[in-house]
Amino acid sequence: MTDIQELLLSRIRDVADYPEPGVMFKDITPLLADPEAFTALTGTLAELVVRNGATKIVGLEARGFILGAPAAVRAGVGFIPVRKAGKLPGATLSQRYDLEYGSAEIEVHAEDLATGDRVMVIDDVLATGGTAEASLQLIRRAGARVAGVAVLMELGFLGGRARLEPALEGAPLDALLQV
């Protein structure tokens, strides 16, 4: 394990039985509150953005905003929020996707992504992969290309990587921590 991985992991708190019994929630708020850890995290994400030639970052609501926006500033690229349906004014592109029980929908401003953009998706956790997969579909529908996906943590036991890999079409998936 690298020094950065050890630092990040040491600042993530396990909360048992949240939000329901039997679930071990990974709370990143102590990491965000620690300037050294938060700086290391956003710096590492910015390095991935630059390495993969991204011109914009898409952050997934809501913690993807917290991680993606400072990474965009550090990498010198634009930041675009992908929101839950109905949260953005004006013209949007939307993408519906299936959840374990039901479905959800995400949106992006139609004019924020364009042909020629190379977009890195950033979020805190890769769980089942549904939201990330839908974001890749949105990016391509807008005419942009996918530069990759970067997450702080991958919950490997939920199978998100296997679901997401076909949609990546060869673009990298970087998880800073595997839990």
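Grouping the Ile, Leu, Val, Met, Phe, Trp and Tyr side chains by contacts below 4.5 angstrom, directly or via other members, places M120 apart from V82.
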Check: residues 166-179 side-chain donor-acceptor pairs under 3.5 Å, at least two apart:
from	atom 1	to	atom 2	distance (Å)
Q178	NE2	E154	OE1	3.0

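Distance check: K84 NZ to I106 CD1 gives 11.5 Å after rounding to the nearest 0.5 Å. Here D124 contributes atom CG and I66 contributes atom CD1; the two are 8.0 Å apart, rounded to the nearest 0.5 Å. Interatomic distance, D112 CG to D117 CG, rounded to the nearest 0.5 Å: 9.5 Å. Summarising the geometry, atom CD belonging to Q95 is positioned 4.0 Å from atom CD belonging to Q137; distances are rounded to the nearest 0.5 Å.
For the pair E133 and R163, the salt-bridge criterion is met [side-chain N within less than 4.0 Å of a carboxylate O]. At a threshold of 4.0 Å, the pair E107-R83 does not count as salt-bridged, since none of the basic side-chain nitrogens sits closer than that to a carboxylate oxygen.
The nearest pair of heavy atoms linking A144 to V119 is CB-CG2, 3.9 Å. For the pair G78 and A72, the tightest heavy-atom approach, listed with the atom from each and the gap, is O-CB, 4.0 Å.
With contacts defined as side-chain heavy-atom distances shorter than 4.5 Å, the pair V108/T92 does not qualify. Residues V151 and V125 form no side-chain contact, since every pair of their non-hydrogen atoms from C-beta on lies 4.5 Å or further apart. By the 4.5 Å heavy-atom criterion applied to side chains, L31 and L41 are counted as neighbours. Contact of the I57 side chain with the I80 side chain is not registered, since no non-hydrogen atoms from C-beta on lie closer than 4.5 Å. Looking at P19 and V23, their side chains come closer than 4.5 Å, going by heavy atoms from C-beta outward.
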For this session: Carefully, step by step, assess V50 and V77 under the rule side-chain contact (heavy atoms from CB on, under 4.5 Å).
Result: CA-CA 9 Å; V50 170; V77 302; over 6 Å; no
Exercise. I12 and M153: side-chain contact (heavy atoms from CB on, under 4.5 Å), yes or no, with the steps?
Worked result: CA-CA 10 Å; I12 296 170; M153 286 181 283; 3.9 Å; yes
Problem set entry | Residue pair L60, F65: steps toward the side-chain contact (heavy atoms from CB on, under 4.5 Å) verdict | CA-CA 6 Å; L60 303 182; F65 300 174; 6.0 Å; no
For this session: Give the C-alpha distance, both sets of side-chain angles, the deciding distance and a yes or no for side-chain contact (heavy atoms from CB on, under 4.5 Å) between L45 and L67.
Result: CA-CA 8 Å; L45 291 171; L67 305 183; 4.0 Å; yes
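The side chain to side chain donor-acceptor pair (under 3.5 Å) analysis of residues 22-32, with sequence neighbours excluded, yields the pairs R13-D27, D14-K26, D27-T29.
R118 and T55 share no donor-acceptor pair across their side chains, judged by distance under 3.5 Å alone. At a cut-off of 3.5 Å, with distance as the only test, no side-chain donor of S103 or Y97 sits close to an acceptor on the other residue.
Checked by atom type and distance alone, the side chain of S10 pairs as donor or acceptor with a backbone atom of L7 at under 3.5 Å. Under the 3.5 Å distance criterion, the side-chain polar atoms of R141 are matched with a main-chain donor or acceptor of S94. In terms of modelled atom types and a separation under 3.5 Å, the side chain of N52 and the main chain of L48 share a donor-acceptor contact.
T44 pairs in a side chain to side chain contact (heavy atoms under 4.5 Å, CB included) with only one of the listed residues (T2, L152, I4), which is I4.
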